Student: 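What follows is a single structure, and I will ask about it in a moment.
Given the structure is predicted, the values throughout are model-derived calculations rather than measurements. We name chains A, B, ... by the order of the sequence lines, and we start the count at 1 in each one.
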2 protein chains.
Amino acid sequence: MSRGVITSADVALRAGVSRSAVSRCFTPGASVSSKTRGRVMEAAQALGYRPNAIARSLNKGRSRMIAVVLGYMDNPFYPAMLERLAARLQACGYRLLLFTAKPDGSCDELFSEILVYQVDGIILGSILLTSALAQRCRAARIPLVLVNRTTDDRVVSSVTADNRNGARAVADFLLAGGHKRFAYVAGLASSSTNHDRETAFRKRLTEAGVSAFIREEGAYTREGAQDAARRLLQRPRPPDAIFCANDHMALAVMDVARFELGLRVPEDVSIVGYDDVASAAWPSYRLTTVEQPVDVMAQAAVDSLMGRIEGGQRGGEQVRIPGELVVRDSARRPASGIVTVDGQDLWRPRERMKARAKA
Amino acid sequence: MSRGVITSADVALRAGVSRSAVSRCFTPGASVSSKTRGRVMEAAQALGYRPNAIARSLNKGRSRMIAVVLGYMDNPFYPAMLERLAARLQACGYRLLLFTAKPDGSCDELFSEILVYQVDGIILGSILLTSALAQRCRAARIPLVLVNRTTDDRVVSSVTADNRNGARAVADFLLAGGHKRFAYVAGLASSSTNHDRETAFRKRLTEAGVSAFIREEGAYTREGAQDAARRLLQRPRPPDAIFCANDHMALAVMDVARFELGLRVPEDVSIVGYDDVASAAWPSYRLTTVEQPVDVMAQAAVDSLMGRIEGGQRGGEQVRIPGELVVRDSARRPASGIVTVDGQDLWRPRERMKARAKA
DNA sequence: TTGAAAGCGCTAACAT
DNA sequence: ATGTTAGCGCTTTCAA
């Protein structure tokens, strides 16, 4: 134990065994006699020895580290997701290596940084995946899973909410509420999540014969959403219902509507979000929104990764997590109090959704 | 380049040089002729080679990874801090290994996990550091810095806001506003930050001859703060000013006051927080609070760590970052419109504070 | 069950 | 400036 660093050799010496014996004692499922195990463990205890994870990684070729790359933390959905990911990963005995990047920036550079660390897997959230990057991961044989995003490339795995269904539910709810003039505040146009929510919402409205539809870009930022809200609500004939690509923007839109423009929500304008972040439930907002079950999604992402790391699965699965419409007070409710979607009661979808989530 | 993994040997072979030559090309400040460098780089490019960080870590004895351990992400101060830390660390060429733990839980187990990864440093936020843990870090020679926390142990480094000054400013502001009956909603009693804010606040009030003072525990959680608010505001003679240990709780208190109890803020009760998180500025709240400059603190924490990792400094520095009182609308303002603290204008402390931060 | 020996991919003396 | 050699701390055949 020369100075500071205790190696397996130190333990071996003290226990009077070989380094291999020590190694085996720390390798689950290796064959060691209980006698040696006892002596080794005692020596290790005395010396405060724990195998060096870096050295182990080097010769196993597996680091037990997962890279998580996130774009922004302003939207509380991401910190929440990160927290769940960290917990799940820790539970599986993996470490979380965190990377951040501009949401729209090229993370080409970043990927080199990641690959260099020999991570066993990558979780990508709130970031644009180019097919070149997907290609690099495949070449390096590193499992990759997108969270809250998909790609056209069916080979890459992803975990998303059931965005189309969620957006449809919002459209139906708003329609049933008797709204006539609709608006959508978009996130980044490049994001699949935005695309899915927007097109499904739009489609449903069209099916219902709605022609009054406007769209503004909010770019997923608070400022962007505020500007969008101003443009929208100061039109000659403003919308009476606004669906925002996420809660983070919906909250901003509510603030502009009420405090800048003196509008009443939902009397003058209904506002609906997506995610059900914590602040959506605060009494100052009581935002009607579609839940995105963070914990379920985190679990699914980790499971997907583990399946490919440990089980050696093929990958390329698109997991879609259902989430219910959470009806609060930011959108006018249907007069009847009952709405059905696809023959299902929209007001009590909890059980159905939960059941589907299990599957 | 057998299959998948490209090593320096592959590059060496292709470039017709030794592995050392390759290594040197990727080591800043090593001596290589431009001719070999060219050939090596070309070969590396063609093969897609990048030195294996794990292997490098092993023989350098430095991993260029920093462990960051956080307790909760509910309070948006921490995600914000994390984001800044990630950015700063990335800029210094370090990787961030994220760990989470219960805020009050023993992270003894966790520390073993961390040490095993041979991290070059540890940043601890929102977590209780026992002296045993500090001892272990010292033994392992791993620099440690606390963020938003301190210990009595003067040997461990920390970066905090100037909590006593901030709390004093709040007391003075509230006093000047003509408040008579004060309350404090505490965070975790075990946290130094809470202690500093509470005692300084209390002390100032006492000096001013205030005797009407109550305190309730909020435990840094939204629910805890809500309960505290109910207990406080439903007393026969409720306080007319409440100082909360952080914004996260202050927002919860505002919600209870206004929506559950029908109180007007600040007419019926003034509420002040600490941190200046993003939502404090939202028009629904407009919370008066004390700024905790996240970016400056993150920078300071990283600097402190780097000083000890690269420069070999001794450690044991307690950095205190000043932060100004941000006056918004959740607390009644002094009639005069001018308050001075320690002979300084309280309303325009920005310049002074910023200047001090530089030092 | 155990130890000896080889090797994971890299860097750093040392020699040339 | 370059190659040779040794070694970071660990696991893992392979013999015994």
Side-chain angles (χ1 to χ4, degrees), chain A residues 1-41 43-44 47-65 115-120 140-141, chain B residues 1-41 43-44 47-65 115-120 140-141:
Chain A
M1 56 167 283
S2 37
R3 39 156 207 65
V5 205
I6 295 116
T7 76
S8 66
D10 301 317
V11 179
L13 193 67
R14 187 183 232 261
V17 298
S18 73
R19 283 165 50 205
S20 331
V22 176
S23 172
R24 282 190 272 260
C25 289
F26 288 91
T27 306
S31 90
V32 209
S33 73
S34 62
K35 200 181 67 183
T36 23
R37 154 157 282 128
R39 301 169 55 160
V40 166
M41 285 321 204
L47 263 28
Y49 170 81
R50 291 271 267 128
N52 179 331
I54 296 286
R56 177 177 282 182
S57 299
L58 179 57
N59 80 2
K60 289 232 196 190
R62 319 240 270 85
S63 62
R64 295 193 84 83
M65 296 194 298
L115 296 185
V116 148
Y117 268 89
Q118 312 291 111
V119 295
D120 294 344
R141 293 227 169 66
Chain B
M1 56 168 285
S2 36
R3 38 154 207 66
V5 205
I6 295 117
T7 76
S8 66
D10 301 317
V11 179
L13 193 66
R14 186 180 231 262
V17 297
S18 72
R19 286 169 41 197
S20 333
V22 176
S23 172
R24 280 190 274 260
C25 288
F26 287 93
T27 306
S31 90
V32 208
S33 74
S34 62
K35 199 182 67 185
T36 29
R37 152 158 284 130
R39 302 169 55 159
V40 166
M41 284 322 203
L47 264 28
Y49 170 81
R50 290 272 270 129
N52 179 329
I54 296 287
R56 179 179 279 182
S57 298
L58 179 58
N59 83 357
K60 288 231 198 195
R62 319 242 269 82
S63 61
R64 295 193 83 82
M65 295 194 297
L115 296 185
V116 149
Y117 268 88
Q118 311 292 111
V119 294
D120 294 345
R141 291 226 171 67

Student: Distance check: side-chain N/O of Ser33(B) vs OP1/OP2 of dA1(D), anything under 4.0 Å?
Tutor: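 Result: no.
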Student: Looking at dG9(C), dT2(D), dT1(C), which one has an atom nearest to any side-chain atom of Val32(B)?
Tutor: dT2(D)
Student: For dT1(C), does either OP1 or OP2 sit under 4.0 Å from a side-chain N or O belonging to Ser31(A)?
Tutor: yes
Student: Could you tell me whether Phe26(B) contacts a base, only the sugar-phosphate backbone, or nothing, with contacts defined as non-hydrogen atoms closer than 4.0 Å?
Tutor: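 Since no nucleic acid heavy atom lies under 4.0 Å of Phe26(B), the category is nothing.
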Student: Could you tell me how far apart Leu58(A) (CG) and dG7(C) (C1') are, to the nearest whole angstrom?
Tutor: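 In whole Å, dG7(C) C1' lies 9 Å from Leu58(A) CG.
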Student: Between Val22(B) and Val17(B), is there a side-chain heavy-atom distance shorter than 4.5 Å?
Tutor: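 Heavy-atom side-chain distance check passes, below 4.5 Å.
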Student: Quickly work out the Asn52(A) CG to dG9(C) C1' distance and round it to whole Å.
Tutor: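 The answer, rounded to whole Å, is 15 Å.
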Student: Which listed nucleotide (dG3(D), dT11(C), dG3(C)) is nearest to the side chain of Ala21(A)?
Tutor: dG3(C)
Student: Heavy atoms, side chains only, cut-off 4.5 Å: are Met41(A) and Val32(A) in contact?
Tutor: no
Student: Starting at atom CZ of Arg24(B), determine the distance to atom P of dG3(D), rounded to an integer number of angstrom.
Tutor: 8 Å
Student: Do Asp10(B) and Leu13(B) touch side chain to side chain, with heavy atoms closer than 4.5 Å?
Tutor: no
Student: Under 4.0 Å between any heavy atoms, over every strand shown, what does Val22(A) touch: base, sugar-phosphate, or nothing? Just pick one.
Tutor: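 Contact class for Val22(A): none.
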Student: Could you work out which one of dT2(D), dT11(C), dG3(C) sits closest to the side chain of Val17(A)?
Tutor: dG3(C)
Student: Does a side-chain N or O from Tyr117(A) land closer than 4.0 Å to OP1 or OP2 of dG9(C), or not?
Tutor: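 Negative; the distance criterion is not met.
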Student: Should Arg50(B) and Leu115(A) count as side-chain neighbours, where that means a heavy-atom distance under 4.5 Å?
Tutor: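 No, every pair of side-chain atoms sits at 4.5 Å or beyond.
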Student: Within a strict 4.5 Å, meaning less than it, do heavy atoms of the Met65(B) and Ile54(A) side chains meet?
Tutor: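 Side chain of Met65(B) against side chain of Ile54(A), heavy atoms only: contact under 4.5 Å found.
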Student: Indicate whether OP1 or OP2 belonging to dA12(C) is found under 4.0 Å from a side-chain N or O atom of Lys60(B).
Tutor: yes
Student: Please classify the nucleic acid contact of Ser57(A) as base, sugar-phosphate, or nothing, using heavy-atom distances under 4.0 Å.
Tutor: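 No contact at all - Ser57(A) keeps every heavy atom at 4.0 Å or more from the nucleic acid.
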Student: Any N or O donor-acceptor pair linking the side chain of Ser23(B) to the base of dA12(C) at under 3.5 Å?
Tutor: no
Student: Using a 4.0 Å heavy-atom cut-off, does Ser8(A) contact any base of the nucleic acid, only the sugar-phosphate backbone, or nothing at all?
Tutor: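 Sugar-phosphate only.
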Student: May I ask you to say what Ser20(B) touches in the nucleic acid, namely base, sugar-phosphate or nothing, with a heavy-atom cut-off under 4.0 Å?
Tutor: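 Base: the residue Ser20(B), judged by heavy atoms under 4.0 Å, touches a nucleobase.
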